[in-house]
Amino acid sequence: MTHSVAHFDYIHCDVFASDPYSGNNLAVVPDSSGLNGAQMQVITQELRHFESIFLWEKDGSHHARVFDQNTELPFAGHPLIGAACALHRQSGDPQPQIWPLVLQGDRRVLVETELLGAGYLGTLDQGRPDFIAPLPDTDKPAFARAFNLHPDQMSPLPLEVVSTGLRYLVIPVTGGLAEARITIPDLQEQLATHGAEFAYLFDVTTFEGRHWENDGSAEDVATGSAAGVIGAYALKHGLVASGHRFVLKQGQFMNRPSQLHVTAYGSTTDVTRITVAGKVAFVGTGSLIAP
């Protein structure tokens with residue numbers, strides 16, 4: 001007696017990259033109907049991309065769940081951009097498209113996509129940012145030590161917790177990114193005391209950043225959710241003008257240089273909206289057996 005085995009197709013793409021094998025890689029499962037969260041987590045761990053995104057259609061909308069190697073995420077930038085571009089590619093339509101995506105908790109986001117040569121450009125609207133809390137300057141030495149930085153490399157701008165879906169502690173620096181690393185075992189607990197989930201190092205002089213898992217086990221190549229936070233922070237503190245698109249660099253220390261195009265709207269006192277855009281290159285496809 002034979003038993004049927006469920007298979008699920010997936011697409012391997014690179015986000016924030018003009019060419020394959022650069023940028024931040026991603027697995028997109030365009031139709032994950034029938035998979036539960038535990039299976040999605042196992043698949044993500046098996047493929048070993050930093051994150052994977054699982055899609056399915058319901059009531060005329062595309063729903064999405066995002067996982068990293070450890071857990072499900074309520075929001076993420078590069079998976080949403082990659083997923084929308086993958087859907088556009090599957091559609092075969094050469095015209096620009098707008099993709100509403102529904103996340104866990106019924107948050108809805110829009111991703112605009114357009115065909116660019118052999119790849120695509122996706123623009124994610126992250127909406128209005130939430131400025132949760134600045135930290136006192138007396139906390140700077142401790143966070144400098146936590147990331148192997150010298151206190152003199154900390155920017156005069158404040159440490160601040162900001163969110164467009166995930167709560168990041170923005171750590172503004174004026175150097176030291178090349179040597180930066182997590183040096184403490186309890187970073188997650190330290191961040192939680194300030195209402196943050198993650199930390200993002202942001203060089204305010206070069207507009208370059210770095211971000212790791214809180215235990216230091218993995219570094220992210222290009223962090224779309226944090227890019228929105230940086231856009232909000234940069235406009236609030238006068239580093240960029242409203243409506244001016246700037247490039248946030250990330251990933252060069254992993255030999256995966258990436259460019260995240262960020263635009264903040266509003267004013268220094270009222271940041272109203274952030275968009276994050278990036279190119280998407282396609283690497284290949286595959287088929288998975290359901291775990």
> Between Leu121 and Ile81, does a side chain to side chain contact (heavy atoms under 4.5 Å, CB included) hold up when you go through it step by step?
Replying inline: CA-CA 8 Å; Leu121 175 71; Ile81 291 172; over 6 Å; no
>> Assess the residue pair Arg108 and Leu101 against the criterion (side chain to side chain contact (heavy atoms under 4.5 Å, CB included)); give the C-alpha distance rounded to whole Å, side-chain angles, the decisive distance to 0.1 Å, and a yes or no.
In response: CA-CA 6 Å; Arg108 294 174 180 267; Leu101 299 174; over 6 Å; no
>> As a quick check of understanding, evaluate side chain to side chain contact (heavy atoms under 4.5 Å, CB included) for His237 and Thr268, giving each step before the final call.
In response: CA-CA 6 Å; His237 294 286; Thr268 56; over 6 Å; no
>> I'd like to know whether Asn24 forms a side chain to side chain contact (heavy atoms under 4.5 Å, CB included) with Asp14, so could you lay out the CA-CA distance, the side-chain angles of the two residues, the decisive distance to 0.1 Å, and finally the verdict.
In response: CA-CA 5 Å; Asn24 202 356; Asp14 288 334; over 6 Å; no
> Which is it for Gln252 and Glu208 under the side-chain hydrogen bond (donor to acceptor under 3.5 Å, both in side chains) test, yes or no, and what are the steps along the way?
Replying inline: CA-CA 9 Å; Gln252 71 150 317; Glu208 186 164 9; 2.7 Å; yes
> Taking it one step at a time, do Thr44 and Glu51 satisfy side-chain hydrogen bond (donor to acceptor under 3.5 Å, both in side chains)?
Replying inline: CA-CA 7 Å; Thr44 301; Glu51 291 160 355; over 6 Å; no
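Remark: side-chain polar atoms of Gln259 are not paired, donor with acceptor, to backbone N or O of Gly23 under 3.5 angstrom. Side chain of Thr113 to backbone of Cys85: no donor-acceptor contact under 3.5 angstrom is found. A donor-acceptor pair under 3.5 Å links the side-chain atoms of Gln97 to the main chain of Gln95, judged by distance alone. Between the side chain of Gln190 and the backbone N or O of Ala142, no donor-acceptor pair lies under 3.5 Å. Using a distance-only test at 3.5 Å, with no hydrogens or angles considered, no donor-acceptor pair links the side chain of Lys249 to the main chain of Gly209. Judged purely by atom type and a 3.5 angstrom limit, Gln39 uses its side chain to pair as donor or acceptor with the backbone of Pro291.
Looking only at side-chain heavy atoms (C-beta outward), Arg107 and Phe75 come within less than 4.5 Å of each other. Proximity of Asp31 to Ser33: side-chain heavy atoms (C-beta onward) are separated by under 4.5 Å at one or more points. Side-chain contact check for Thr123 versus Val276: every heavy-atom pair is 4.5 Å or farther apart. Counting only heavy atoms from C-beta outward, the side chains of Thr164 and Asp130 never approach each other to under 4.5 Å. Side-chain contact between Asp215 and Leu187: absent, with no pair of heavy atoms (C-beta onward) separated by less than 4.5 Å. Pro100 is not listed as a side-chain neighbour of His62, based on a closest heavy-atom distance of 4.5 Å or more. Residues Trp56 and Val29 are not in side-chain contact: their nearest non-hydrogen atoms beyond the backbone lie 4.5 Å or more apart. The shortest side-chain heavy-atom distance between Val28 and Tyr10 does not fall under the 4.5 Å cut-off.
A donor-acceptor pair shorter than 3.5 Å cannot be found between the side chains of Thr275 and Gln126.
Taken together through direct or relayed side-chain contacts under 4.5 Å among Ile, Leu, Val, Met, Phe, Trp and Tyr, Ile171 and Tyr233 form parts of separate hydrophobic clusters. At a threshold of 4.5 Å between side-chain heavy atoms, the hydrophobic network of Ile, Leu, Val, Met, Phe, Trp and Tyr places Ile274 and Val15 in one connected group. Residue Phe198 is grouped with residue Leu248 when hydrophobic side chains (ILVMFWY) are merged at heavy-atom distances under 4.5 angstrom, including chains of intermediate members. A continuous path of hydrophobic side-chain contacts links Ile184 to Leu169 [ILVMFWY only; heavy atoms under 4.5 Å]. Hydrophobic clustering (side-chain heavy atoms under 4.5 Å, transitive across Ile, Leu, Val, Met, Phe, Trp, Tyr) keeps Ile11 apart from Phe67.
Annotation for Phe282 and Cys13: closest pair CD2-CB, 3.8 Å, computed over non-hydrogen atoms. Taking all atoms of both residues into account, the shortest heavy-atom contact from Ile53 to Ala64 is CD1-CB, 3.9 Å. Scanning all heavy atoms of the two residues, the minimum distance from His49 to Ala27 falls at CD2-CB, 3.3 Å. Closest of all the heavy-atom pairs between Asp68 and Gln41 is O-NE2, 2.8 Å. The minimum heavy-atom distance linking Ser225 with Ala76 is given by the pair CB-CA, 4.3 Å. Between Ala180 and Leu149 the shortest heavy-atom distance is CB-CD2, 4.3 Å.
Note on ring orientation: taking the six-membered ring where Trp is involved, the planes of Trp212 and Phe147 are tilted (angle from 30° to 60°). Between Trp99 and His88, the two ring planes are tilted [angle within 30° to 60°].
Remark: Arg48 CZ is loosely packed, at most 12 non-hydrogen atoms of other residues, nucleotides or ligands lying under 6.0 Å away. Within a 6.0 Å sphere centred on CD of Glu46, other residues, nucleotides and ligands contribute 12 heavy atoms or fewer.
Once rounded to the nearest 0.5 Å, the distance linking NZ of Lys140 with OG of Ser155 reads 6.0 Å. Note that the CZ atom of Arg256 and the OG atom of Ser22 stand 6.0 Å from one another [nearest 0.5 Å]. Separation of atoms OG (Ser287) and CZ (Phe8) is listed at 9.5 Å; rounding is to 0.5 Å. Residue Asn148 holds its CG atom at 7.5 Å from CD of Glu179, rounded to the nearest 0.5 Å. To the nearest 0.5 angstrom, Met40 atom CE is 4.0 Å from Ser32 atom OG. Rounding to the nearest 0.5 Å gives a distance of 5.0 Å between OG of Ser52 and CG of Leu47.
Between His211 and Tyr168, the distance separating the two ring centers is shorter than 6.0 angstrom.
Look at Asp203 and Arg210 and you find no salt bridge, because none of the NZ, NE, NH1 or NH2 atoms lies under 4.0 Å from a carboxylate O. A salt bridge is absent between Lys236 and Asp270; no separation between the charged side-chain nitrogens and carboxylate oxygens falls under 4.0 Å. Ion pair Arg181/Glu219 not flagged as a salt bridge, since none of the NZ, NE, NH1 or NH2 atoms sits closer than 4.0 Å to an Asp/Glu carboxylate oxygen.
Of the candidates Val247, Leu239, Ile230, Phe207 forms a side chain to side chain contact (heavy atoms under 4.5 Å, CB included) with just one, namely Leu239.
A cation-pi arrangement is found for Arg273 relative to Tyr265, the charged atom lying closer than 6.0 Å to the ring centre and inside a 45° cone about the ring normal.
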